[in-house]
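Working notes, beginning with the structure itself.
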Amino acid sequence: MSLTAFKRALWVYHLNTGSCNGCDIEILAVLTPRYDAERFGIKLVGSPRHADVLLVTGPVVKQMVSRVKRIYEQIPDPKLVMAVGNCGTEGGVFYESYSLAGPIDQIIPVDVYVPGCPPRPEAIIHGVVMAWVKLEKLFKQEVA
Amino acid sequence: MKFILGSGYTFWNPLIWIIVFLVVMVMVYFFRRRGQKGYKKGTDQARIFLCGEEVPEAEQRHIRVGNIYWGFFETLKEYYNFILKPHTGIINDYILWFVVAIAITVIILLIAGLAK
């Protein structure tokens, strides 16, 4: 695996769509000194307009649908979506709840799934690397 | 031609300012060229980000200067609503208020004078 085309740091926008915060805490753990994802250039940003990857946690409650779509649309191309946690991938403990519109791939296209309740930081980092590899391919396609 | 204007302590040279301006322009052009090219005009990618909320029109987003008095207006709302009704803008009404106020004052003074 080599990263050649995408020469800059990977910026990630984190969106919580109704998560219990378990996944969000693990995402923060990825940034702590123990894992320190920022040394690889993986960084959380405060606006989707600066992001390459949309990292979504939570099962997408009905009130978040328009927000999720709008935030996805605001990310410049090429872009990828990561679903982190069981809730985001298939509903988790909220499966078939009356208040859900999700899981995430029913609202926006998802490229990388990271299952777990919550997933370990290593799994999240692995997911981000998979996203990075896929983004490389998209970037090369756009250049070509 | 001498471009330097000296004041004894400092100086003013338009050539230096023109050079500084050109250097800044080159820097701005350089940074702008390195900017993100993935944005598509006319889509949500080029619109304001407001935490995923729908962004209202510019006229509705702006806060008027008068809003700094919002607290006063809200607190004294009942007083304002009451006091605005007599302010009709018709001079005859104001004269009538004046005459009524004078008449009440005269009556009070007469009663006070008789009571002594």
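To find a chain, count down the sequence lines: A is the first, B the second, and so on, and within it residues start at 1.
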Answer yes or no: are there more than 12 heavy-atom neighbours, outside [X] itself, under 6.0 Å from its atom [atom1]?
X: E74(B); atom1: CD; answer: yes
X: Y80(B); atom1: OH; answer: yes
X: E122(A); atom1: CD; answer: yes

Do F49(B) and I71(A) touch side chain to side chain, with heavy atoms closer than 4.5 Å?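 Side chain of F49(B) against side chain of I71(A), heavy atoms only: contact under 4.5 Å found.
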Is the closest side-chain heavy-atom distance between E54(B) and R67(A) below 4.5 Å?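 They are not in contact (no side-chain heavy atoms under 4.5 Å apart), so the answer is no.
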Please classify the contact of K69(A) with chain B as side chain, backbone, both or neither, using a heavy-atom distance under 4.5 Å. neither
Using 0.5 Å steps for rounding, measure from the NZ atom of K40(B) to the CD atom of E73(A).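 Rounded to the nearest 0.5 Å, the NZ-CD separation comes to 9.5 Å.
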Once rounded to the nearest 0.5 Å, what's the spacing between atom OG of S47(A) and atom CD1 of I48(B)?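 Spacing of OG (S47(A)) from CD1 (I48(B)) equals 11.0 Å.
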What are the two closest non-hydrogen atoms of E53(B) and R70(A), and how far apart are they?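 Here E53(B) and R70(A) meet closest at C-NH1, 3.2 Å.
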R47(B) side chain to Q74(A) backbone, donor-acceptor under 3.5 Å: no
Which donor-acceptor pairs under 3.5 Å do the side chains of residues 92-105 of chain B make with protein atoms, sequence neighbours left out?
{"unit_1": "D93(B)", "atom_1": "OD2", "unit_2": "T88(B)", "atom_2": "OG1", "d": "2.7"}
{"unit_1": "Y94(B)", "atom_1": "OH", "unit_2": "G89(B)", "atom_2": "N", "d": "3.0"}
{"unit_1": "T105(B)", "atom_1": "OG1", "unit_2": "A101(B)", "atom_2": "O", "d": "2.6"}

Can you tell me which residue pairs pass the salt bridge (Lys or Arg N to Asp or Glu O under 4.0 Å) test with a partner in residues 106-118 of chain A, sequence neighbours excluded? D111(A)-K134(A)
Transitively linked via ILVMFWY side-chain contacts under 4.5 Å: F72(B) with I68(B)?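 Yes.
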